[in-house]
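Counting starts at 1 for both ligands and their atoms, following the listed order. The first residue in the sequence is number 1, and the count goes up from there.
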Amino acid sequence: MYIYQLKTYHLRVINQLKNTKKSLFSFEILPPLKGKSIQSIYDGIDPLIEFNPAFVNVTYHREEFIYKKREKGYLEKIAIKKRPGTVGICAAIMNKYNLEAIPHLICGGFTKEETENALIDLNFLGIDNVLALRGDPIKTETHFVAEKGGNEYAVDLVKQIVELNEGKYMDKNIENAAPTNFSIGVAGYPEKHFESPNMRADIRRLKQKIDAGAHYVVTQLFYDNAKFFAFVKACREEGIDVPIIPGLKPLESMRHISFLPKFFNIDLPSDFTDELEKCKDNEAVKAVGTEWAIQQSKELVAAGVPCLHYYTMGKSTTVKKIAAEVF
Ligand SMILES: Cc1cc2nc3c(=O)[nH]c(=O)nc-3n(C[C@H](O)[C@H](O)[C@H](O)COP(=O)(O)OP(=O)(O)OC[C@H]3O[C@@H](n4cnc5c(N)ncnc54)[C@H](O)[C@@H]3O)c2cc1C
């Protein structure tokens with residue numbers, strides 16, 4: 001009953017992006033650690049509702065493996081899943097807030113059949129937006145290894161979703177298979193993906209995802225708007241004509257200063273680090289980081305970006321401060 005109501009209210013993200021006259025507000029949350037309740041998700045979303053988010057993304061985290069020593073020196077591979085899945089969380093968010101929830105789907109760890117089953121579940125629940133990603137290599141692997149029978153690159157996942165949108169299911173015996181209607185986002189990298197030999201090669205790979213049927217791009221976080229503007233220009237020159245949404249994350253602690261560049265393969269501009277170096281503690285870093293994100297956001301809005309997408313990592317206090325200044 002409620003699901004039916006959701007279906008009638010919600011708008012596919014691509015329609016929102018195409019029809020908006022001002023920059024929209026959106027954010028990304030992490031599924032909570034295992035053992036926590038859905039309330040921890042609501043606590044992260046509640047403070048941001050007043051800014052009328054267009055959608056909220058929910059990340060997906062792969063299983064991790066550990067090796068335990070057994071008798072006679074054998075090693076047993078044990079899978080640990082730290083966070084619950086995104087499908088249920090997205091359904092709960094849409095149900096509670098009547099807000100578009102976008103699950104992240106990744107190639108890693110899934111066969112195509114498992115991916116199709118996940119898409120069927122999402123479609124059944126009235127969730128028809130997805131962000132299609134490859135996923136990172138897991139800690140025990142030096143490079144990304146696709147699941148046997150799974151998708152190797154995000155472009156392959158996009159193709160699979162498009163096939164379902166055309167009513168082509170893997171199981172050819174399904175009778176009267178209804179086409180799905182997923183709006184598909186993909187990732188882009190203003191400072192290039194770490195595995196890519198150069199920016200142009202990476203943008204050509206991005207173009208392949210769009211040509212395969214992706215509808216819009218959400219970028220990796222960045223702190224230098226000039227790099228984002230150059231990226232958008234290069235994408236347009238390559239023929240990528242879909243909306244490109246900048247991803248922003250406020251820098252909030254001393255640890256972030258080295259962690260964020262290392263983890264996300266990005267640079268912090270020297271004007272920014274000059275200011276950060278003057279900071280004596282985390283509070284001071286947070287104040288500088290918040291102000292930087294506000295200025296970045298204002299400049300991006302002035303440039304007419306379709307939406308600003310904030311990585312909250314489950315903590316909404318700083319993003320709330322930024323949104324209050326920008327939206
Ligand atoms: C907005 C955003 C959200 C994210 N959310 C998540 C998440 O929820 N969970 C998660 O695990 N990770 C997430 N990530 C991280 C992402 O999974 C990694 O950055 C991953 O390493 C690449 O994913 P992709 O979809 O960009 O891959 P792809 O587009 O497949 O690209 C991966 C690399 O392969 C290259 N490439 C692409 N196609 C080919 C080809 N045919 N032949 C050779 N090379 C090729 C590309 O240039 C690039 O270097 C997110 C990233 C972003 C930007």
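Closest heavy-atom approach to atom 35 (C) of ligand 1 within the set Tyr60, Tyr153, Phe194, Phe264: this belongs to Tyr153. Residue nearest to atom 53 (C) of ligand 1, selected from Pro31, Ala187, Ala132: Ala187 (by heavy-atom distance). Closest to atom 17 (O) of ligand 1 by heavy atom, among Gly135, Ala201, Gly108, is Gly135.
Side-chain atoms of His309 and Ser26 form a donor-acceptor pair, as typed in the model, at a separation below 3.5 Å. In this model, a donor atom of one side chain and an acceptor atom of the other lie less than 3.5 Å apart for Gln39 and Asp43. Of the N and O atoms on the side chains of Glu291 and Gln295, at least one donor lies less than 3.5 Å from an acceptor on the other residue. Residues Glu147 and Thr111 have side chains that never bring a donor and an acceptor to within less than 3.5 angstrom of each other. Defined by atom type and a distance below 3.5 Å, a donor-acceptor pair is present between the side-chain atoms of Tyr97 and Asp46. Donor-acceptor pairing under 3.5 Å is recorded for the side chains of Asn129 and Ser183.
Counting protein heavy atoms only, atom 41 (N) of ligand 1 is closest to Arg205 NH1, 3.4 Å. The shortest contact between atom 15 (C) of ligand 1 and any protein heavy atom is with Asp136 OD2, 4.1 Å. Counting only heavy atoms of the protein, atom 13 (C) of ligand 1 lies nearest to Leu133 CD1, 4.0 Å. Nearest protein heavy-atom contact of atom 19 (O) of ligand 1 is Tyr189 OH, 2.7 Å. The closest protein non-hydrogen atom to atom 46 (C) of ligand 1 is Asp202 OD1, 3.7 Å. The protein non-hydrogen atom at the shortest distance from atom 28 (P) of ligand 1 is Ala154 CB, 3.9 Å. Scanning the protein for heavy atoms near atom 5 (N) of ligand 1, the closest one is His104 ND1, 3.0 Å.
Under 4.0 angstrom from ligand 1, there are no non-hydrogen atoms of Phe144. If you look at Lys209 next to ligand 1, the close heavy atoms, those under 4.0 Å, all belong to the side chain. At a heavy-atom cutoff of 4.0 Å, ligand 1 is contacted by the side chain of His193 but not by its backbone.
By the 30° and 60° cut-offs, the orientation of the rings of Phe25 relative to Phe327 is tilted.
Within the structure, ligand 1 has Gln220 among the residues with a heavy atom less than 4.0 angstrom away. Every heavy atom of Gly247 sits 4.0 Å or more from the atoms of ligand 1.
Asn282 places a side-chain N or O within 3.5 Å of a backbone atom of Met254 that can act as its donor or acceptor partner.
Taking the charged nitrogens against the carboxylate oxygens, Lys227 and Glu191 do have a contact shorter than 4.0 Å, which makes a salt bridge.
Each of the atoms 8 (O) of ligand 1 lies under 4.0 Å from some heavy atom of Thr59. Near Tyr311, meaning under 4.0 Å from any of its heavy atoms, are these atoms of ligand 1: 1 (C). Every atom of ligand 1 with a heavy atom of Glu195 under 4.0 Å away is listed here by number and element: 33 (C), 49 (O).
By the definition of a contact as any protein heavy atom under 4.0 Å away, atom 26 (O) of ligand 1 is in contact.
Taking the six-membered ring wherever Trp is involved, the centroid distance between the rings of Tyr189 and Phe264 does not fall below 6.0 Å. Aromatic ring centroids of Phe231 and Phe229 lie 6.0 Å or more apart.
Of all the heavy atoms in Gln16 and Ala54, the pair that sits closest is NE2-O, 3.1 Å.
The N/O atoms of Val155, backbone and side chain alike, include none that comes under 3.5 Å of an N/O atom in ligand 1.
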